[in-house]
Amino acid sequence: MSHDAQDERSRFVGAAISQADVDAIEGTGAAGDAGLLADADGVDVVTYMLNTDAEEKKRLHTQHVIFRTIFSGLFQTPQLALLQGEGGSGAKVLDVGCGPGLWSVEMARTFQKSTFVGVDINGYEHQNLPDNISFRIEDVLKGLSFPDNTFDLVHQRNLLLGVKDGQWPAVIRELIRVTKPGGYIELAE
């Protein structure tokens, strides 16, 4: 990426997520506790290693701000024009393992012509979401419900604790499957 492109992209650090935004998110998944999560049939599917309580949301917020600072913005891929909706309707973006959705919400507020979907094994209730974002409870380890070639940008970070070594090839194949030809996958683990 050219230096000019890096400078242009780094201006978009997002419509920052405040602590009030974080406090407005309610965990609905594992009853606020770490533990074994089950699918609709009660079959254990994955051990969620961390709590989903207020303390965990605060930690994830801090982590989000650190990532945004380290990377000088919200993303590294050269998708700025598409995200801004230049020449069209914007990008379709998937955030896999989104947790409470801090990255997704900030991106949706910043790039209002694009559409964002966050998926996680844990559910969260959100208040005051932008119109261009939605959330689903899904497990990338069981496959995503989206058709092939759906998204321009697929983002995933910090799933190291949730994906075992032998599962990574299947996860990467699934991310590739839902990404449009010419699209980008951004991983930060």
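For clarity, every value in this text was computed on a predicted model and none was experimentally measured.
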- Query: When rounded to the nearest 0.5 angstrom, what is the spacing between CE in M107 and NE2 in H155?
  - Reply: 8.0 Å
- Note on the structure: Separation between CG (D95) and CD (E106), nearest 0.5 Å, reads 11.5 Å
- Would you please name every residue forming a side-chain hydrogen bond (donor to acceptor under 3.5 Å, both in side chains) with D148, sequence neighbours left out? R177
- Item | Residues in side-chain hydrogen bond (donor to acceptor under 3.5 Å, both in side chains) contact with E138, at least two apart in sequence or another chain | R136, S145
- Task: Check V96, L175, I172 against I185 for a side chain to side chain contact (heavy atoms under 4.5 Å, CB included) and give me the one that passes.
- Result: L175
Taking [X] for its side chain and [Y] for its backbone only, find out whether a donor-acceptor pair lies under 3.5 Å.
{"X": "Q167", "Y": "K164", "result": "yes"}
{"X": "E174", "Y": "L144", "result": "yes"}
{"X": "D152", "Y": "K92", "result": "yes"}
{"X": "N132", "Y": "F111", "result": "yes"}

Which pair of non-hydrogen atoms, one from [X] and one from [Y], has the smallest distance, and what is that distance?
{"X": "G118", "Y": "S104", "answer": "CA-OG, 4.2 Å"}
{"X": "N149", "Y": "P181", "answer": "OD1-CD, 3.7 Å"}
{"X": "T179", "Y": "V154", "answer": "OG1-CG2, 3.2 Å"}
{"X": "K113", "Y": "Q84", "answer": "CD-O, 3.3 Å"}

Quick one: does [X]'s side chain get under 4.5 Å of [Y]'s, heavy atoms only?
{"X": "L141", "Y": "V171", "value": "yes"}
{"X": "C98", "Y": "W103", "value": "no"}
{"X": "T115", "Y": "V93", "value": "no"}
{"X": "V119", "Y": "I137", "value": "no"}

- Relative to each other, are the rings of F146 and F151 parallel, tilted or perpendicular (30° and 60° limits)? perpendicular
- Query: Does the pair L94 and L153 meet the rule for a side chain to side chain contact (heavy atoms under 4.5 Å, CB included), with working shown?
  - Reply: CA-CA 6 Å; L94 176 64; L153 173 60; over 6 Å; no
- Message: Using the rule given for side chain to side chain contact (heavy atoms under 4.5 Å, CB included), can you reason through S134 versus F116, listing the C-alpha separation, both sets of side-chain angles and the distance that settles it, and then say yes or no?
- Response: CA-CA 6 Å; S134 63; F116 298 85; over 6 Å; no
